[in-house]
Amino acid sequence: MLLNWLSRLLAAYLSKQITRHSIRTSTWEALQEALQPGDVLLVEGDTRISVAIKYLTQSTWSHAALYLGPEAGLGEAEGEPRVLVEADLQEGIRTIPLSFYRHAHTRICRPVGLSENDIRQLTDYAISRMGHQYDMKNVFDLARYLFPTPPVPTRYRHKLLAFGSGDPTRAICSTFIAEGFQLLRYPILPIVRTLPADDPDCEDCVMERFRLRHHSLFTPRDFDASPYFRIVKPTIETDFDYRTIDWEDQ
């Protein structure tokens, strides 16, 4: 009882906005048009917990949401379709409209070659996780590093986000999404082992064997860093022509 009360108190404290959103890098209309089901939307957050995550991962991105689109049937909010699924610190895994991040600095990371069946599997997985709570064990771990200069060597920062409770009914934003892609066997940042190729005619030939990294080790920036996700910039996706820019000094 006391732990639950402390968890709720800490979650409310860490969810408070302490900075302004960075300037968005695309128009609202361009963002709407560019997104496709299966995309991972990275967000530069503006709360206390966002500051901790950005520091520990040395990244711009503190949050990740999975875009499934209006066809996923996730319901509506004030007449607007819910198209994103995310793990929220206070509410747990939930669905929200895209307009929730209308004024945020975002980045689209797109998996390549997903089939309609893959999208259905992602959607079914996300729906099955609805109502699961945020992993407060991770939150307590993060809270210890909300000091201006936490005594954490750089090589250990990424690992601090993987402490977790190990409870499968709890998640943080990036681990929830990473687990969904790993169910499809879609790579994010897999462990790659290089082995000698079984070819008697080629002594120097090698082969690569992939192994899944545990989903609790993934952070938002890993989707940006992954060589298997395409970075989509809405501004240049549709007929961008730099010659049409109206420069003030002209």
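A quick note: this is a predicted structure, and the numbers were derived from the prediction, not measured.
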Derivation and outcome, side chain to side chain contact (heavy atoms under 4.5 Å, CB included), residues His63 and Tyr101: CA-CA 11 Å; His63 186 65; Tyr101 294 118; 3.2 Å; yes
Thr235: what forms a side-chain contact (heavy atoms from CB on, under 4.5 Å) with it, not counting sequence neighbours? Ser26, Phe240
The reported gap from CZ in Arg230 to CD1 in Ile108 (rounded to nearest 0.5 angstrom) is 12.0 Å
Do Asp39 and Pro111 have side-chain heavy atoms sitting under 4.5 Å apart? yes
side-chain hydrogen bond (donor to acceptor under 3.5 Å, both in side chains) pairs touching residues 68-78, sequence neighbours excluded, are none
Determine the minimum heavy-atom distance between Ser62 and Gly45, stating which atoms define it. OG-N, 2.8 Å
Path from Ile231 to Leu114 over hydrophobic side-chain contacts below 4.5 Å: no
With rounding to the nearest 0.5 Å, note down the distance linking CH2 in Trp61 to OG in Ser174. 14.5 Å
Could you tell me which residues satisfy side-chain contact (heavy atoms from CB on, under 4.5 Å) with Ser226, sequence neighbours excluded, listed by chain and number? Ile188, Leu189, Tyr228, Phe229
Would you say that Phe223 contacts Phe181 through its side chain, given a criterion of any heavy-atom pair below 4.5 Å between the two side chains? yes
How close do Ala104 and Val43 get, heavy atom to heavy atom, and via which atoms? CB-CG1, 4.0 Å
Tell me if the aromatic rings of Trp28 and His103 count as close, with their centers under 6.0 Å from one another. no
In terms of hydrophobic clusters joined by side-chain contacts under 4.5 Å, are Val112 and Ile119 together? yes
Contact check, side chains of Ile96 and Asp88, non-hydrogen atoms, under 4.5 Å: no
Check side-chain contact (heavy atoms from CB on, under 4.5 Å) between Glu237 and all other residues, then give those that pass, not counting sequence neighbours. Val232
Which is it for Arg102 and Leu31 under the side chain to side chain contact (heavy atoms under 4.5 Å, CB included) test, yes or no, and what are the steps along the way? CA-CA 9 Å; Arg102 179 170 186 153; Leu31 180 64; over 6 Å; no
Would you please test Leu122 and Leu183 for side chain to side chain contact (heavy atoms under 4.5 Å, CB included) and show each step? CA-CA 8 Å; Leu122 269 181; Leu183 288 175; over 6 Å; no
Distance, nearest 0.5 Å, that separates OG1 of Thr95 from CD1 of Ile127: 9.0 Å
Which pairs count as side-chain hydrogen bond (donor to acceptor under 3.5 Å, both in side chains) when at least one residue sits in residues 181-192, sequence neighbours excluded? none
Ser99 versus Glu80, closest heavy-atom pair with distance: OG-OE1, 2.7 Å
What one should report as the nearest heavy-atom pair of Pro70 and Pro81 is CB-CB, 4.1 Å
Step through the shown structure and confirm whether more than 12 heavy atoms of other residues, nucleotides or ligands are within 6.0 Å of CD on Glu116. no
Side chains of Pro220 and Ser59: closer than 4.5 Å at any heavy-atom pair? no
Side-chain donor-acceptor pair under 3.5 Å between Glu33 and Thr238, yes or no? no
Taking all heavy atoms of Arg94 and all of Phe100, pick out the closest pair and write down the distance. NH2-CZ, 3.4 Å
Does a side-chain heavy-atom distance below 4.5 Å link Leu184 with Tyr125? no
One should read off an interatomic distance between Phe218 CZ and Glu179 CD, to the nearest 0.5 angstrom, of 11.0 Å
Partners passing salt bridge (Lys or Arg N to Asp or Glu O under 4.0 Å) against Arg213 (at least two apart in sequence or in another chain): none
Are Leu42 and Arg221 close enough that some pair of their side-chain heavy atoms sits under 4.5 Å apart? no
Taking the side chain as C-beta and beyond, is there a heavy-atom pair between Leu98 and Leu41 under 4.5 Å? yes
Could you tell me which non-hydrogen atom of Leu66 sits nearest to which non-hydrogen atom of Gly38, and how far apart they are? CD1-O, 4.0 Å
